[in-house]
K.L.:
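I'd like to ask some things about the structure below.
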Amino acid sequence: MSRVERAEAKLEREAKQAAQRERSDQAGKTNVKRKKKKKKGGCLWLLVLVLAILVGFGGYYTLGLAAVDPNSDEQVVVDIPSGTGASAIVDILDNAGLVKNRFCAKVNARIGHYNGLQANTYIFSPSMSFREIMNAINNGSFDYLSKESVEVKDGARLQQVAEAVSEQLPYTAEEILAVWSDTGYLNELIDKYWFLTDDILDDDVMFPLEGYLYADTYFVTDNMTIEGFTEMCLDRMDEELSARKDDIEASGFTVHELLTLTSIVTKEARADDQPKVAGVFMNRLEQGMSLGSDVTVCYIFQEDRVELKVSQLESTNPYNTRKYAGLPPGPICQVIGDAIDAVLHYEASDNIFFFADEDGVVHYYKTQADFEQGIEDEGLLKDDDSDEG
């Protein structure tokens, strides 16, 4: 074989080897692609499976925390003792029929960040979700607390209010009145409420907070403190007085004076007559006369009597407006906004005297002679020399 032929044969072999290597490389690449596709497909299915499990568990978990009965109107009282942890609360709620799925509730109790769980007696419903219930306990939500109502009656003296509060809270009337007379606490209240001043600390004032606990119905809880109740009433008074702040400033009265006169008008007259009675008292104040109000004398003796003894009418107590001109040292009862308005917007007249007959009808007079004749005409004259009544 010639040299040329040998060279050509060599080139042909090298070309065949190169072609074979290229086919092998191509086959290898194809196999790698197939393996990668296979691997990708396996990962995708695994991801789909994991997601399906998570979605399934999420649905199971969410459903497990749902309300036991969304349409229920039932109220369930639940007592959460002091120191009870989240897991133990789940058991209490479960026993009360308020947990749909105990396992899910236990998980939520562990991961729900309930760090402020508050002991108290609550009222829940099976229509509430587990999360709603736990959030209410965690926040000590007032809306769900078991509570009783205390009525601060319009015209009630502070002692009567203390007795009403003692029926719902675990304190005696004496303990409540002691708090309401504590100088340290009263000074704290003066610092907190714009309408409370040192006037309530005057030595002549019989009960410092008399007239300041707004007459309304309040809901109290089993563990409410005396201070908590007090400030709830003062908050209401704050609302009412703040809404009338401009009128109060225009009246020329201090808040203490306004509540004092309002309390007298409250005890003297029914709602319909209060603006006109307030007008009579304004006339007497402007003329430097005594108010001549028996209800202030009754207050000295903590009574609600209509007829008074001569000895009582002669009392030297500064609340005796039969003896002393001007306003007494402080209010004599609790009041409402309508009575405050009756004083702020009193009915002007020339009347200086009035009395209510046995049917409650109020008669007004411009002169003392007419006033005395009116009493005689109504048959209301009493024996002033008697100490009975």
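The analysis underlying the following values was restricted to heavy atoms, covering all of them including side chains, and did not include hydrogens, waters or symmetry mates.
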K.L.:
Could you state the interatomic distance from CD1 (I300) to CD (Q312), rounded to the nearest 0.5 Å?
P.N.:
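Reported to 0.5 Å precision, the distance equals 8.5 Å.
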K.L.:
Is a salt bridge present between E188 and K192, judged by a nitrogen-to-oxygen distance below 4.0 Å?
P.N.:
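Salt bridge: no.
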K.L.:
Any side-chain heavy atom of S242 sitting closer than 4.5 Å to one from W194?
P.N.:
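Yes; the side chains approach each other to less than 4.5 Å.
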K.L.:
As a test of understanding, state which of L258, D238, L259 forms a side chain to side chain contact (heavy atoms under 4.5 Å, CB included) with F195.
P.N.:
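With F195 as partner, side chain to side chain contact (heavy atoms under 4.5 Å, CB included) holds for just one option, D238.
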K.L.:
State, to 0.1 Å, how close I190 and T197 come at their nearest heavy-atom pair, and which atoms those are.
P.N.:
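Closest approach of I190 to T197, heavy atoms only: CD1-O, 3.6 Å.
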K.L.:
Say you draw a straight line from CG of N138 to NE2 of H113; how long is it, rounded to the nearest 0.5 Å?
P.N.:
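N138 CG to H113 NE2: 11.0 Å, rounded to 0.5 Å.
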K.L.:
If you look at every heavy atom in K323 and T316, which pair is closest and at what distance?
P.N.:
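Minimum heavy-atom contact is CD-CA, 4.5 Å.
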K.L.:
Identify the two heavy atoms, one from V343 and one from A278, that lie closest to each other, and give their separation to 0.1 Å.
P.N.:
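Scanning both residues completely, I find the closest heavy atoms to be CA-CB, 4.1 Å.
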K.L.:
When you look at CG of D73, are more than 12 heavy atoms from neighbouring residues, nucleotides or ligands closer to it than 6.0 Å?
P.N.:
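No, CG of D73 has 12 or fewer neighbouring heavy atoms, counting only those of other groups under 6.0 Å.
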K.L.:
Might you point out which heavy atoms bring C298 and L308 nearest each other, and give the distance in Å?
P.N.:
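Distance-wise, the nearest heavy atoms are SG-CD2, 3.6 Å.
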K.L.:
Does the D359 side chain pair with the main chain of V361, one donor and one acceptor, at a distance under 3.5 Å?
P.N.:
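Pair absent, no side-chain N/O of D359 close to backbone of V361.
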K.L.:
Under 3.5 Å, is there a donor on one side chain and an acceptor on the other for S125 and E74?
P.N.:
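Looking only at side-chain atoms, E74 and S125 do not form any donor-acceptor pair under 3.5 Å.
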K.L.:
Calculate, to the nearest 0.5 Å, the distance between atoms CD1 and CZ belonging to I375 and F355 respectively.
P.N.:
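Rounded to the nearest 0.5 Å, the CD1-CZ separation comes to 5.5 Å.
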K.L.:
Are E249 and K245 ion-paired here, with the side-chain N under 4.0 Å from a carboxylate O?
P.N.:
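Not counted as a salt bridge, because no side-chain N and carboxylate O are separated by less than 4.0 Å.
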K.L.:
Could you check E132 against N135 for side-chain contact (heavy atoms from CB on, under 4.5 Å), going step by step and ending with a plain yes or no?
P.N.:
CA-CA 5 Å; E132 287 177 319; N135 285 329; 5.9 Å; no
K.L.:
Please confirm whether the backbone N or O of D69 pairs with a side-chain atom of S72, one donor and one acceptor, at under 3.5 Å?
P.N.:
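No, the answer is negative, given that no donor and acceptor are paired below the 3.5 Å cut-off.
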K.L.:
If Ile, Leu, Val, Met, Phe, Trp and Tyr residues are connected whenever their side-chain heavy atoms lie under 4.5 Å apart, and connections chain through other members, are V68 and V76 in the same group?
P.N.:
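No, V68 and V76 fall in different hydrophobic clusters.
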K.L.:
Using the side chain to side chain contact (heavy atoms under 4.5 Å, CB included) definition, which of the options T221, I176, V179, V150 pairs with F229?
P.N.:
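Among the candidates, only V150 passes.
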K.L.:
In the structure I gave you, are the side-chain heavy atoms of N351 and Y365 within less than 4.5 Å of one another anywhere?
P.N.:
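N351 does not reach Y365 side chain to side chain.
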K.L.:
Under the 3.5 angstrom rule, does the side chain of T62 hit a backbone N or O of G59 as a donor-acceptor pair?
P.N.:
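Between the backbone of G59 and the side chain of T62 there is no qualifying donor-acceptor contact (under 3.5 Å).
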K.L.:
Is there a path of hydrophobic side-chain contacts, each under 4.5 Å between heavy atoms of I/L/V/M/F/W/Y residues, joining F142 to V220?
P.N.:
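Yes, same cluster.
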K.L.:
Report the relative orientation of the aromatic rings in F354 and F281; use parallel for angles under 30°, tilted for 30 to 60°, perpendicular for over 60°.
P.N.:
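Plane angle over 60°, so perpendicular.
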K.L.:
Given the rule that I, L, V, M, F, W and Y join up when any side-chain heavy atoms are under 4.5 Å apart, are F130 and I123 in one cluster?
P.N.:
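They do not share one cluster, since no chain of ILVMFWY contacts under 4.5 Å joins F130 to I123.
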K.L.:
Could you tell me if the side chain of Y364 sits less than 4.5 Å from the side chain of F371, heavy atoms only?
P.N.:
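Heavy-atom side-chain distance check fails, nothing below 4.5 Å.
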K.L.:
Quick one: does any side-chain atom of R270 pair with a main-chain N or O of G360 as donor and acceptor, under 3.5 Å?
P.N.:
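Checked: pair present.
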K.L.:
Would you call K106 and D91 a salt bridge, taking side-chain N to carboxylate O under 4.0 Å as the test?
P.N.:
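So K106 pairs with D91 through a salt bridge.
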K.L.:
Transitively linked via ILVMFWY side-chain contacts under 4.5 Å: V77 with L98?
P.N.:
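Shared cluster, no.
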K.L.:
Side-chain donor-acceptor pair under 3.5 Å between Y144 and N120, yes or no?
P.N.:
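No, N120 and Y144 have no side-chain donor paired with an acceptor closer than 3.5 Å.
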K.L.:
Under 3.5 Å, is there a donor-acceptor pair linking the side chains of Q160 and Q334?
P.N.:
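Side-chain D/A pair, Q160 to Q334: absent.
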K.L.:
Quick check: does any side chain N or O of D273 sit under 3.5 Å from a backbone N or O of A269, one acting as donor and the other as acceptor?
P.N.:
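No, D273 side chain to A269 backbone: no donor-acceptor pair under 3.5 Å.
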K.L.:
So how far is it from D79 CG to I92 CD1, rounded to the nearest 0.5 Å?
P.N.:
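It comes to 7.5 Å.
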K.L.:
How long is the gap from CE on M224 to CD on E231, to the nearest 0.5 Å?
P.N.:
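The distance works out to 10.5 Å.
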K.L.:
Does any part of the side chain of L201, heavy atoms only, come nearer than 4.5 Å to the side chain of L186, both counted from C-beta?
P.N.:
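Counting from C-beta outward, L186 and L201 do come under 4.5 Å.
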K.L.:
Would you mind reporting whether P331 and H256 have side-chain heavy atoms less than 4.5 Å apart?
P.N.:
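In contact.
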K.L.:
For the CD atom on E148, are there more than 12 heavy atoms of other groups (residues, nucleotides or ligands in this structure) within a distance under 6.0 Å?
P.N.:
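Atom CD in E148 is not packed in, count stays at 12 or less.
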K.L.:
Taking the side chain as everything from C-beta on, heavy atoms only, tell me whether V90 gets closer than 4.5 Å to L93.
P.N.:
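With C-beta onward as the side chain, the pair stays apart.
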K.L.:
Classify the side-chain pair Q287/N283 by whether it contains a donor and acceptor separated by less than 3.5 Å.
P.N.:
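Note: Q287 and N283 side chains miss the donor-acceptor criterion.
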K.L.:
Shortest non-hydrogen contact from P328 to T321?
P.N.:
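Nearest pair, atom of P328 first, then T321: CD-CG2, 3.9 Å.
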K.L.:
Is there a side-chain contact (heavy atoms from CB on, under 4.5 Å) between S149 and Y218 once you walk through the steps?
P.N.:
CA-CA 5 Å; S149 64; Y218 298 91; over 6 Å; no
K.L.:
With no hydrogens and no angle check, just 3.5 Å: does a side-chain donor-acceptor pair link Q368 and E372?
P.N.:
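Looking only at side-chain atoms, E372 and Q368 do form a donor-acceptor pair, the distance falling under 3.5 Å.
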K.L.:
May I have the step-by-step check of side-chain contact (heavy atoms from CB on, under 4.5 Å) for R284 and S290, ending in yes or no?
P.N.:
CA-CA 7 Å; R284 297 179 76 90; S290 66; 4.2 Å; yes
K.L.:
Honestly, is R131 close enough over Y114, meaning NZ or CZ under 6.0 Å from the six-membered ring centre and within 45° of the axis?
P.N.:
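Not flagged: R131 not positioned over aromatic ring of Y114.
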K.L.:
Under a 4.5 Å cut-off applied to non-hydrogen side-chain atoms, are L241 and Y214 in contact?
P.N.:
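Counting from C-beta outward, L241 and Y214 never come under 4.5 Å.
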K.L.:
Identify whether the distance between the nearest side-chain nitrogen and carboxylate oxygen of D216 and R236 falls below 4.0 Å.
P.N.:
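A salt bridge is present here (some side-chain N lies under 4.0 Å from a carboxylate O).
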K.L.:
Can you name the closest pair of heavy atoms from R157 and I332 and give their distance?
P.N.:
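So the minimum-distance heavy-atom pair works out to CG-O, 3.6 Å.
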K.L.:
Could you go through K100 and L63, starting from their C-alpha distance and side-chain angles, then the distance that decides it, and tell me whether this counts as side-chain contact (heavy atoms from CB on, under 4.5 Å)?
P.N.:
CA-CA 8 Å; K100 188 167 187 176; L63 185 62; 3.7 Å; yes
K.L.:
With ring pair (Phe, Tyr, Trp, His ring centres under 6.0 Å) as the test, pick out the partner of Y319 among F207, F301, Y324, Y299.
P.N.:
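Result for ring pair (Phe, Tyr, Trp, His ring centres under 6.0 Å) with Y319: Y299.
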K.L.:
Regarding N139 and S141, do their side chains bring together a donor and an acceptor under 3.5 Å, going by distance alone?
P.N.:
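Result is no, nothing qualifies.
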K.L.:
Are the side chain of N108 and the backbone N or O of L65 linked by a donor-acceptor pair below 3.5 Å?
P.N.:
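No; zero donor-acceptor contacts below 3.5 Å.
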K.L.:
Without swapping roles, check the side chain of N317 against the backbone of N320 for a donor-acceptor pair under 3.5 Å.
P.N.:
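Checking the backbone N and O of N320 against the side chain of N317, no donor-acceptor pair under 3.5 Å is found.
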K.L.:
Measuring only between side-chain heavy atoms, which start at C-beta, is F219 closer than 4.5 Å to L145?
P.N.:
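They are not in side-chain contact.
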K.L.:
Whether K276 engages the ring of Y346 as a cation-pi pair (distance to the six-membered ring centre under 6.0 angstrom, angle to the ring normal within 45°) should be assessed.
P.N.:
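No, K276 does not sit over the ring of Y346.
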K.L.:
Quick one: NZ on K267 to OG1 on T262, what's the gap to the nearest 0.5 Å?
P.N.:
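Going from NZ on K267 over to OG1 on T262, the span is 14.0 Å.
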